[in-house]
There are 4 protein chains.
Amino acid sequence: MSGIAIHKFTTAHPGDVSALKSLPESTKPEDLLAVIGKTEGNGCVNDFTRMLSSTVWDPHLEASGGISVFSGGTEGVLSPHVSLVVKEDDYLNEDGSKMYNEGLVAKVGGTRDFEPWEMGTAIQAKVTADTIKKLISEVEVEPDDVHMVLVKCPLLTTAKVVASAKECVTTDTYKSMGYSRLATAVGIALALGEVTEDGIDDALESYGQRGWSSRASCSSGAELENCHIVILASSKKASNPYRAVHGYMADAIDLNVLLELTSKIPRGAKRVQIFVKAEPSTDGVVRGKRHTMMTDSDIQGTRHARAAVGGLVAGVWGETDVYVSGGAEGQGPMGGGSVCVVYKV
Amino acid sequence: MSGIAIHKFTTAHPGDVSALKSLPESTKPEDLLAVIGKTEGNGCVNDFTRMLSSTVWDPHLEASGGISVFSGGTEGVLSPHVSLVVKEDDYLNEDGSKMYNEGLVAKVGGTRDFEPWEMGTAIQAKVTADTIKKLISEVEVEPDDVHMVLVKCPLLTTAKVVASAKECVTTDTYKSMGYSRLATAVGIALALGEVTEDGIDDALESYGQRGWSSRASCSSGAELENCHIVILASSKKASNPYRAVHGYMADAIDLNVLLELTSKIPRGAKRVQIFVKAEPSTDGVVRGKRHTMMTDSDIQGTRHARAAVGGLVAGVWGETDVYVSGGAEGQGPMGGGSVCVVYKV
Amino acid sequence: MSGIAIHKFTTAHPGDVSALKSLPESTKPEDLLAVIGKTEGNGCVNDFTRMLSSTVWDPHLEASGGISVFSGGTEGVLSPHVSLVVKEDDYLNEDGSKMYNEGLVAKVGGTRDFEPWEMGTAIQAKVTADTIKKLISEVEVEPDDVHMVLVKCPLLTTAKVVASAKECVTTDTYKSMGYSRLATAVGIALALGEVTEDGIDDALESYGQRGWSSRASCSSGAELENCHIVILASSKKASNPYRAVHGYMADAIDLNVLLELTSKIPRGAKRVQIFVKAEPSTDGVVRGKRHTMMTDSDIQGTRHARAAVGGLVAGVWGETDVYVSGGAEGQGPMGGGSVCVVYKV
Amino acid sequence: MSGIAIHKFTTAHPGDVSALKSLPESTKPEDLLAVIGKTEGNGCVNDFTRMLSSTVWDPHLEASGGISVFSGGTEGVLSPHVSLVVKEDDYLNEDGSKMYNEGLVAKVGGTRDFEPWEMGTAIQAKVTADTIKKLISEVEVEPDDVHMVLVKCPLLTTAKVVASAKECVTTDTYKSMGYSRLATAVGIALALGEVTEDGIDDALESYGQRGWSSRASCSSGAELENCHIVILASSKKASNPYRAVHGYMADAIDLNVLLELTSKIPRGAKRVQIFVKAEPSTDGVVRGKRHTMMTDSDIQGTRHARAAVGGLVAGVWGETDVYVSGGAEGQGPMGGGSVCVVYKV
């Protein structure tokens, strides 16, 4: 069981680790469980800002065995930032009793590396699900206590496709990002009991329309070959002031659910971070009206979606260093996306 | 005095004039005052979707002497559409008395063509102001009755810069779009009494920070050499159910003003259209946090701003065929933009 | 049999038809067989410069029953232009005998419209082949006399995919451009006897690697639903000074073949135009070294290829208004592309 | 005096330092003078591939006090790679006499950091010139012996402009790259005696048209605040088989000068590397015909130029890992660019 705190800092560029200096003095190197960041690349295949960020951050995660998850793309008003998830001792009263009767806990881990031909398939889904189940049991919570499973997953490059021993799910490098996110999300849904093992193929074939999780947040990148996993959950065994609620946007302009979820933050509580997934709806419309996100050959659809949903989320949240990640296959209903709100009472 | 109706239709592509067939049968060709559209180009220098739209629409505006204003860029969730402003007779009761004691009126017109070296200068501002003043007087309203002055203004291409008899305000074609919008907005502010003639130079030099209008909505394009002007105003002399309110976003995530303005729409009234200007703040931050809109060499800043503000506006409005236009120099405070809401009681 | 002349003019923008005024005075409206142009769009799905050009040019092609083929994309040094193919009477000596014992002839035509689910399939290939065979027989030449079959073919938009009665070859709008070019090229190869009817499926499945034509030049666009075809051939029955040679680039930096083909132009002859197809090699390398054209999520691969091959071709040709078109599936070997050189003795 | 060898290797991604393992075994860490690389970013303001490459390479340059110069942008066929400049002892015959009576030498160094308001000004030019003069004298050659001065120079970001104590040369971050390259190039020209100190202002004001160097190769980036300098020269005091020739392309399609310079490589000699600068001509034409590089708001002009000139250079050189860098202000005539060919006899 790992009680945690979450500290958020803006970054000056993708190579900026100055956030480390802003952590509470009591934080030790072995406490740094995860770095969850938004970097200012295109969020697509050739986004090397993620690689730069993981190159400079990963040495600082060695002591803790922690992981980094960088999601590229700060289109529109979004502000590059990092959220540092750090272990924190239970809050105790002077008499040694627990100050709170619940708290937020986190667990991080990684799957094995995937072969190119496994990416985007049921194999990736199952291996990811197994790892998540193990992590959930280690952190001593139930699947229902989980608010968000945030995963950084791999993608296919031209070099990997050409070198692959078996046929890959696609030869299109940009599309491989979506397939990898989808397989990961289906794995999360399996681990959380939202789809059954029998339903995996159908979930994959329907591109997440028949099998998804509102607690999945997946982002793919060329900078890794396995899945990096962060699990956020509520625990009655912990004692800290961090709380979370989750839900999902039904479409890309679902202001209501955002207002509803944020209204659950008690008056006086401090907003910590909001994690949202976004995507262009694959039927080409939002509430019946044509969008141009998928016929734009200059800007990828995920970039459009991040920019638009980012504008809406930042408007609701009142600040721009929110975590909005593009490509929501299986992470909420088609055209919508998962939402997780973290606050501090 | 021209009482009007506004009809909005989505378009299938920039060459689509099928909206004409959806107008009320009573509409005659000479009633079509203006076509105000969003097209799916990049909204920048080489956005030929605007030229395509004006090529196919302008023949339909000849009978009325009407004008077209196409604003390029439907980034994010924005949906390409046209708003047709048509003359409509006063609504009368059976006894011939006026059904309403007010109504929305419109007036359209154009300035003379501008020389390349005039674009973006005080000359453009003054000529535009003179034309607007004349149009306002012709439509028999006061400057305070005006809700929005929507203008399509020219830009500089490399060919124009090279051919210019005198030095131009810039040699950068993308930047010329901003200067032209700025000069136009300052002209609007002058016509509406928001800046004085003495203040023009200061307004231009401060890039609109010291001299702007919350009722200006300017968009520049390569498809014209003069300014196309549409004025929307309330008039006690008209009798129709169209109403408007206006205001401005203080920054790019100003959700509050959008909620406030839309809350003025009476219960039961029909939302007609919302017109919003958006821009990347030139100080590089939104509410103190860095944005990347102006250091992104892949996507122009106005595209980012349209996508983000478009997402927010569409969320509030509940539909995606809203008019969000990029580049708000002098059209609201720095980083924010003008807002005009039209509804039908 | 239609002896022809080819006149080339640069354009100021995609809506520019001023070239019409520069044609020889003797040219009648019914002589204008084809307009083959390069426009300055992105050459991809949302390239509306092609639609703008066909909108302004097509009325001028009605008298002749002629066709337009606009290929988007003038990346790098390429200069937007049009090549006008006009019928021209045989050149005769004063005694009425033929001045030349050969000449260039052309024939234009179109297939029927294709359903969304036919695009990119063997159906499109066969229908196109049938039309080409008919056109070749009508112009009274043999397949071996043909130097180039230039075709504008349709693509899939999100709207078409969603509306399709049957499953389409892809749901990815950008990819549909490649499939449509491929099916067209295989149709050309079939018509010219370069693949057999039995080989069509293999040619399509191998993405043109086992079945291609060095005389195919295909370009896809959203502005049409059928194939527009222009055939250029040598004929002993004609008498005019236009000549052509053809070949193919083996890869994207094949300077040698360009020097070799242009060296066939006799001293003193006038260069008329060079038509070249270009593409990113799908194995991700050029002469064994990695390229980044297919992992770049900011710029589509065909844009990269046009820019690079355009630079090379313009260097060899000595002028920049050359016809370099992107996407060479089945139009030359993988990674290379067809080349056709036209000159005037 | 530092006799050198140059070894070229392709890279798998911008974080790839595997080239180190491919160096001759005799190479010691303190021999690595310079890493001159092309990375696959956009080559513009937000190109963090350069920062990633310098982050991973710079630790390997500490022992030698060497420098890295990464030029972003491998548009078109260009292949990401690094050229490692390593110190090498004189080649001697068995009797201890020199094997060659000349050889290639190199010297590297850096200027002081520049303030934001100094960038792109005469101050930057003069400081750079002073450093170059010092380096030339240290390597014991004359200015006429120099074949290339390759410099990585800083640029302005929005943050720097906002924080600057004095007004900067521009507020446009992309434009600042050009001004910085220009000032650097003028500094090189001053150091090499191609402009006089009196001519600096005129060279800057004319944007390099009246004052340029065909031996300058400058590239700007956000990853440094000073200038990194590499000087390549011929020396009679050295004894090694490396040779160089230099010249300049008069425009972006100047195939002739490339053929001429490469024809100077003796039969049997090995091509080592070609260094070329490229830019869109600011008058908007190439040999009288309009280009669209500067009116394209989707792709920056330097990207277009690199792609096109890269295609031409790769065609001539016969391989794609050539060094073509965009933005040739003051580095060759307007629209053209410097060329340096290195080979090994």
Side-chain angles (χ1 to χ4, degrees), chain C residues 10-13 38-42 49 73-81 249 251-259 278 280-281 284-293 295-296 298-301 303-322 324 335, chain D residues 10-13 38-42 44 49 73-81 249 251-256 258-259 278 280-281 284-293 295-296 298-301 303-322 324 335:
Chain C
T10 55
T11 52
H13 55 75
K38 287 295 308 177
T39 62
E40 56 202 286
N42 63 20
T49 61
T74 56
E75 292 83 0
V77 295
L78 295 172
S79 188
H81 69 274
M249 292 175 73
D251 61 25
I253 59 170
D254 191 356
L255 174 61
N256 286 347
V257 78
L258 294 173
L259 292 176
S281 56
V285 295
V286 175
R287 298 197 191 167
K289 285 174 180 165
R290 182 171 73 102
H291 66 73
T292 60
M293 296 189 260
T295 49
D296 187 343
D298 296 314
I299 302 180
Q300 299 285 2
R303 304 201 76 180
H304 279 290
R306 265 192 303 271
V309 174
L312 184 61
V313 170
V316 171
W317 199 251
E319 57 185 11
T320 57
D321 51 348
V322 290
V324 177
Chain D
T10 56
T11 52
H13 55 76
K38 285 297 306 180
T39 61
E40 58 203 282
N42 64 21
C44 303
T49 61
T74 57
E75 292 83 0
V77 296
L78 294 172
S79 188
H81 69 275
M249 292 175 70
D251 61 25
I253 60 171
D254 191 355
L255 173 61
N256 286 346
L258 294 173
L259 292 175
S281 56
V285 295
V286 175
R287 297 198 191 165
K289 284 171 181 169
R290 183 171 72 101
H291 66 71
T292 61
M293 297 189 260
T295 49
D296 186 345
D298 296 314
I299 302 179
Q300 298 286 3
R303 305 200 75 179
H304 279 290
R306 266 192 303 271
V309 174
L312 184 62
V313 171
V316 171
W317 199 251
E319 58 185 11
T320 57
D321 51 350
V322 289
V324 177

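In what follows, every chain begins at residue 1, and chains take the letters A, B, ... in the order their sequences are listed. For clarity, every value in this text was computed on a predicted model and none was experimentally measured.
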*When only pairs under 4.5 Å are counted, which of D/Ala305, D/Ala12, D/Ser281 shares the most heavy-atom pairs with chain C?*
D/Ala12
Taking distance alone, no hydrogens or angles, what donor-acceptor pairs closer than 3.5 Å link side-chain atoms of residues 307-318 of chain D to residues at least two apart or in another chain?
from: D/Trp317; atom 1: NE1; to: D/Glu319; atom 2: OE2; distance (Å): 3.3

*Option that, when pairs with chain C are counted at under 4.5 Å, heavy atom only, ranks first among D/Asp296, D/Val286, D/Asp254, D/Thr292*: D/Thr292
*Could you please spell out the steps behind the side-chain contact (heavy atoms from CB on, under 4.5 Å) verdict for D/Met293 and C/Val77?*
CA-CA 7 Å; D/Met293 297 189 260; C/Val77 295; 4.1 Å; yes
*Under 4.5 Å heavy-atom distance to chain C, tell me which part of D/Thr10 shows up: side chain, backbone, both or neither.*
side chain
*For chain D, which of C/Asn42, C/Leu78, C/Asp321 has the most heavy-atom pairs under 4.5 Å?*
C/Asp321
*Residue pair C/Thr74 / D/His291, side-chain heavy-atom distance below 4.5 Å*: no
*Heavy-atom distance under 4.5 Å to chain C: side chain of D/Arg303, backbone, both or neither?*
side chain
_Between NZ on residue C/Lys289 and NE2 on residue D/His81, distance to nearest 0.5 Å_ = 9.0 Å
_C/Pro80 to D/Arg290 - nearest heavy-atom pair and separation_ = CG-NH2, 3.2 Å
_Separation of C/Leu255 CG from D/Leu259 CG (nearest 0.5 Å)_ = 6.5 Å
*asked:* Which atoms of D/Thr11 are under 4.5 Å from chain C, going by heavy atoms: the side chain, the backbone, both sets, or neither?
replied: both
